Structure formats: structure tokens, C-alpha cells
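All remarks here apply to the structure that follows.
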Amino acid sequence: MSLTFHWFLPTNGDSRHVVGGGHGTPATAAGRDRPPTVTYLSQIARAAEDLGFVGALTPTGAWCEDAWLTTAMVSQNTERLKFLVAFRPGFVSPTLAAQMAATFQRQSGGRLLLNVVTGGESHEQRAYGDFLDKDARYRRTGEFLQIVRELWAGRTVDLHGEHLRVEDAKLARVPDPVPDVYFGGSSPAAGEVAARHVDAYLTWGEPPAQVAEKIAWIRGLAAQRGRTLRFGIRLHVITRDTSAQAWAEANRLLDGFDPQTVRSVQAGLARSESTGQQRMLALHGGGNLPHSRRPSSGGTPTALEIHPNLWAGIGLVRGGAGTALVGSHDEVAERIKEYHALGIDEFVLSGYPHLEEAYWFGEGVLPRLAAQGLWRHPLGEETAPRAQVPFAS
């Protein structure tokens, strides 16, 4: 089985520095370095497509551009790349969302994937007119997915649920193919939704032991319902020809963090209701910038290197996914193999800036995985990038 890799469309802006935002925090000023225009996002999408990424995740929230509209426009400038569109069930009726997905499939040639985001921040949800508490939002997500899946199957739906009610709902044209549903969440309520309704469960980049526990938990819940799921992981990546070069880049990003910004972002994220966000925060404990640099020449890892080549520095200024794989192409490939051994088959990756980092990973890591029989370019070996071997010094 070939591993599946997805890239990321930075609809909150891009930069040679980390662009913060997410989970109720606004995008940082670095997001203005490269505004998220359709032209620039299409550059990233075409690069990801050429390099062999299957899809690209597009985030949702007040801190970024709308995912549905943006990907619909970018899709017209690409040919094969799929779009993992993040959306929140509480903001759109299930019948309309099912119809939108069907339209997207027809107009894009079947290139839609859906990332269902229940929403972990009540204050942000209220800004959109949603006043349910967290557990109620998950129960509503379950009802939402039940309705959507019935509609996609061509059935007429009548449901009087706790939170959603539809009568005589039916699609004139069902999507072909039916888009896969991706979903993440670390709370008990999230686990129930995943086990019952989704195709692929996503986790943020925690150390392998914690990821293994989460996979076992979700796999067990799904098995109780006679279902099996795929598993994916969301990570940033900094990969270079040598480990020293990669850690030098991580240190450069770290040096760009303003201490006041870190304190402000961490204070905001500490109020998050998201179990997954709290798990991310626990990985770095708020950070201690003066003592967080890892010697690029090697040596003892810092508190931000929470597992070999797994760096929690991104989470100091960004909500959501806050860890990065950092190392040489060979080291990053080994960490990917380590996660794959746990049951992870899909990797949703990103890096700053997203255009250049796509090439570092695509030309440096993917050929190494291909040589080991773990990955193949979607269009065949003749189009796959070749490994870039550094010159001897």
C-alpha cells in the first residue's frame, strides 16, 4: 500500500516566518508577507500536484479565507489535486452541505474531500451564531453526518434529531464519487462521532506513543460498530539535505518569535475547550524561548524536541497543529515510517513558506520513500521526483 501525502493551502497568508492563528487567535502579521490570493495559492497547489501530493487541506475559521469558495477557484487552475475542505457542520444545513459537495464533485471532476471540524472554541462559534456547548456540538455533528450520508446514498431523509430536523430531504443528483469524510477530535464525544460516521481519523502530531494510544482507542470504538477506519496525521515539516541545515532553519523560525506574541497566543490557547489543543499545549508547556534552540550541529535536544526529530516550536505561535518533523531527508523519512508502523497511512503536511517547503519535501523525502516501496507518484514512476543528493564537501 502506497502512503498518501496531502499538502496545505495557507488561506491565512504565507511567509518565510511562521504565520500564527487558529483556535480563536487571529493570524499574525507575517500572514501579510504573501497574501492568500488565488494566484499564489494556485502556485502552491500546482507544485503539490506535480510533486505527487494527493490533496491539499484548506482550513476553516475567522482567521482565514473561506475554504469552499477558495478551493472552488483554485481547483480551476489544477488538474488532479484533491481539496480537503474543512467546514463546520453547525454553520450550514446538512441538505445544503450535501448539495454543495455534490456540485463540487461534478464541477471539479471528483476532487473533493471533506474535513469535518466540529469547533472547539465556544466564543468563536457564538460569533457565527452557534450557541451550543462543546458536547452538544459533537452530537449535532453526528446527526449532520447521518443526514448527509443518507442523502449521498440517494435516499429521502426524514430526521427529527436533538439538534437537526429535516423532512422529505433528497438530492436531485448525488455526488460521484461520494467524498471521503475526514475528522479529528480527542474528546470522548469526538471518538463516538469518528467511530460511527467517518472514513479517516486525523490526529495532530503527538509523539508516537500517544498517537498509538489514540489509534487503538478509535480503532476499538469503530470495531464495536463493525467499522474500520483509515488513520492520518497532521504535521508541519522542515527537511533539508542535512540535519544541521534543518535545525538551523527551525532555529531561524524560533528567533522570529516575538516573546510578547508567544505570551499572548499561549494565553488565548490556554482558554481553549478543545481537548486536542490542550494536548498540543502540554507538549511544550508554553515554551522558554531563550533556552529552546537546538544546536544545529547536534547535541542534547531541547524541551521543544519532544521525540527525535519532532519539534513543538510551531505551537508557540499557532493554534491547532503545532509540531513539525525536523531533520535530514533520511531522518524525516524514518519518522514517517515510524508513524506508519503504528497504523498511519495518510500524512497532511505543511511548512513555511508553503511553496518552497513543498519542494524540499517532495524532492527530498518522497523519493526516499519511493525507493523503499512505501510511496509512488499518483501518475506513475516516470513522473516521480528523484532524490536530491547533496554534493560532498
Side-chain angles (χ1 to χ4, degrees), residues 4-15 17-28 30-31 44 48 53 55-61 63-64 67 84-86 113 115-121 182-187 190 200-208 210-211 214-215 231-239 250 253-254 257 262 265-266 268-269 272 274-284 287 304-307 309-326 332 335-336 339 344 346-354 357-358 361:
T4 299
F5 292 92
H6 306 280
W7 198 240
F8 184 85
L9 291 183
T11 56
N12 57 327
D14 203 6
S15 175
H17 302 281
V18 175
V19 180
H23 275 260
T25 62
T28 55
I44 297 172
F53 291 93
L57 172 65
T58 310
T60 184
W63 55 290
C64 58
L84 183 51
V85 175
L113 305 169
N115 179 31
V116 176
V117 180
T118 297
E121 317 309 328
Y182 290 69
F183 175 89
S186 299
S187 68
Y201 177 83
L202 294 176
T203 178
W204 286 329
E206 298 177 0
Q210 293 172 285
V211 171
K214 192 177 288 188
I215 289 175
F231 292 92
I233 192 168
R234 172 77 179 94
L235 288 157
H236 305 276
V237 64
I238 304 172
T239 180
L253 293 176
L254 188 66
F257 293 176
V262 172
V265 170
Q266 292 303 300
L269 295 178
S272 173
S274 165
T275 303
Q277 183 62 73
Q278 295 304 319
R279 290 168 69 106
M280 281 283 102
L281 294 179
L283 296 179
H284 58 67
L304 291 178
E305 189 177 1
I306 55 177
H307 182 78
N309 306 110
L310 183 63
W311 184 61
I314 302 293
L316 294 176
V317 295
R318 185 192 192 278
T323 54
L325 296 178
V326 181
V332 171
R335 295 290 76 75
I336 287 172
Y339 281 114
I344 298 290
E346 301 197 30
F347 294 80
V348 184
L349 305 175
S350 57
Y352 299 96
H354 288 75
E357 206 65 46
F361 184 86

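Computed from heavy atoms alone, side chains included, the values below leave out hydrogens, waters and symmetry copies. Because the structure is predicted, anything quoted here is derived from the model rather than measured.
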**Study point:** Donor-acceptor pair between Ser274 and Glu121 side chains, under 3.5 angstrom
**Key:** no

**Study point:** Closest non-hydrogen atom pair between Trp204 and His23, with its separation
**Key:** CH2-NE2, 3.3 Å

Practice item. Give a yes or no answer on whether the side chain of His236 reaches the backbone of Ala324 with a donor-acceptor pair at less than 3.5 Å. Key: no

Point to revise | Residue pair Glu357 / Ile238: nearest heavy atoms and the distance that separates them | key: OE2-CA, 3.7 Å

**Study point:** Ring-face cation of Arg318 near Phe8 (centre distance under 6.0 Å, axis angle within 45°)
**Key:** yes

Practice item. Quick one: pull up OG1 in Thr323 and CG in Asn309 and give me the separation to the nearest 0.5 Å. Key: 12.5 Å

Check your understanding: With Tyr339, which residues qualify under ring pair (Phe, Tyr, Trp, His ring centres under 6.0 Å), at least two apart?
Key -> none

**Study point:** OG1-CG distance between Thr28 and Asn12, expressed to the nearest 0.5 angstrom
**Key:** 8.0 Å

Check your understanding: For Tyr201, what residues pass the ring pair (Phe, Tyr, Trp, His ring centres under 6.0 Å) criterion, not counting sequence neighbours?
Key -> none

**Study point:** Leu349 side chain near Trp7 side chain, heavy-atom distance below 4.5 Å
**Key:** yes

Point to revise | Considering all heavy atoms, the nearest Ala56-Leu9 contact | key: CB-CG, 4.0 Å

Revision key, fill the gap. Rounded to the nearest 0.5 Å, the OG1 atom of Thr25 sits from the CD atom of Gln266 at a distance of 9.5 Å

